[in-house]
Number of protein chains: 2
Amino acid sequence: MARPRTAARTVDHPDLAQVDLQQVMEALVDPVRRMVVSQLVRKGEDMSCGRFEAPVSSSTLTHHFNVLREAGVIRQYYVGVTKMNTLRADELEERFPGLLPAVIAACAAEAGAGAG
Amino acid sequence: MARPRTAARTVDHPDLAQVDLQQVMEALVDPVRRMVVSQLVRKGEDMSCGRFEAPVSSSTLTHHFNVLREAGVIRQYYVGVTKMNTLRADELEERFPGLLPAVIAACAAEAGAGAG
DNA sequence: TCCATAATACGACCAGCGTCGAAATAAGGA
DNA sequence: TCCTTATTTCGACGCTGGTCGTATTATGGA
């Protein structure tokens, strides 16, 4: 039957123009979701869902990825069995200038203070 | 009994150093509370509680003022019968650089787009 | 073809939050 | 002293959202 070899599963992403501030704020208000964003920033590379550290079950984590994706904060794509995640930092910067960097900086500052 | 003539009622405000990002994000995630912040910015002067426009009852509005105050976003003080509100913008900027301005700008942009 | 791994879907539960109205409090003025 | 205005307190209610466990799907490799 020659199943397609690549990218059978697709993911929908919103155009940033149709995302409003409320959605982004709701996405970023959850501490687990900010952990996801922070880890993406810290690693500096795309990460599969399974590589994130968070104090919740994997099904809950899936939910958080969905919220982040629907708010335009992350982009997801499949690579074989795994699903990769990347920040939509540039697009978000254009839509809501300074917002994501400020949140990221605050996260980093708190993480640093906590570890000091 | 010579009751004190001024400022009998006092208000407690947190030191910004003891406010964490979670608190500020939770304060700013509510649209009514962002309306309060936006109106303070737009007017450019301290406003009494009764002057704000919001689609909720006054008792609900009192609740929102409390949340904003406890998160260090606004400062409140009594003037006679009324209670005044002012943004703690400078202090907040020192604690979480860029956060409040980014949110305010996003609010203004959406308000402008909506009115256009 | 079968199995192991990665991630999702689904249903359920529970806590927290925003909301209201009514009653209470505080200040100022008549 | 009484009344009016501004704001708060309190209790109640409903809804949303984060959480979990289990079952399911998709992919790649043996």
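To find a chain, count down the sequence lines: A is the first, B the second, and so on, and within it residues start at 1.
- At a threshold of 4.0 angstrom between heavy atoms, the contacts of A:V56 are confined to the sugar-phosphate backbone, with no base atom among them.
- Under the 3.5 Å distance criterion, with hydrogens and angles disregarded, a donor-acceptor pair is assigned to the side chains of A:Y77 and A:D46.
- Taking for each of A:V79 and A:V29 the nucleotide of DNA chain D with the nearest heavy atom, the 5'-most of the two is the partner of A:V29.
- Heavy-atom nearest nucleotides on DNA chain D were determined for B:K83 and for A:H63, and the one closer to the 5' end corresponds to B:K83.
- Atoms CZ (A:R69) and P (C:dA7) sit 13 Å apart, rounded to a whole Å.
- At a cut-off of 3.5 angstrom, the base of C:dG18 holds no donor-acceptor pair with the side chain of B:T60.
- At least one side-chain nitrogen or oxygen of B:S57 sits closer than 4.0 Å to the OP1 or OP2 atom of C:dC20.
- Between B:R33 and the phosphate of C:dG18, there is a side-chain N or O to OP1/OP2 separation shorter than 4.0 Å.
- Distance from the side chain of B:D30 is smallest to C:dG18 among D:dT5, C:dG18, D:dT9.
- For B:S58, the listed nucleotide lying nearest its side chain is D:dT7; candidates were D:dT7, D:dT19, C:dA7.
- Minimum interatomic distance between B:A54 and B:M35 (heavy atoms only, all atoms of both residues): CA-CE, 4.1 Å.
- Rounded to whole angstrom, the span from the NE2 atom of B:H64 across to the P atom of C:dC17 amounts to 12 Å.
- Taking the side chain as every heavy atom from C-beta outward, B:R75 and B:R69 never approach each other to under 4.5 Å.
- Between C:dT8, C:dA22, C:dC17, one nucleotide has an atom nearer to the side chain of B:E26 than all others, and that is C:dC17.
- Taking atom OH of B:Y77 as the reference point, atom P of D:dT7 lies 12 Å away to the nearest angstrom.
- Within the 4.0 angstrom heavy-atom criterion, only backbone atoms of the sugar-phosphate kind lie near B:T82; the bases stay farther away.
- A:M84 has its CE atom 17 Å from the P atom of D:dT27, to the nearest Å.
- Note: CE (A:M35) to C1' (D:dG18) measures 15 Å, nearest angstrom.
- Spacing between atom OH of B:Y78 and atom P of D:dT5 amounts to 19 Å, rounded to whole angstrom units.
- Distances from the side chain of A:S48 to the nucleotides D:dT9, D:dT27, C:dA7 place C:dA7 closest.
- Using modelled atom types and a 3.5 Å distance limit, the side chains of B:R34 and A:Q22 yield a donor-acceptor pair.
- The CZ-C1' distance, from B:F65 to D:dT8, rounds to 12 Å in whole Å.
- Taking hydrophobic clusters as Ile, Leu, Val, Met, Phe, Trp and Tyr residues chained together by side-chain heavy-atom distances below 4.5 Å, A:V41 shares a cluster with A:L92.
- Put simply, A:R9 has no side-chain N or O that comes within less than 4.0 Å of OP1 or OP2 on C:dT8.
- For the pair A:Q76 CD and C:dA7 P, the interatomic distance rounds to 10 Å; values are reported in whole Å.
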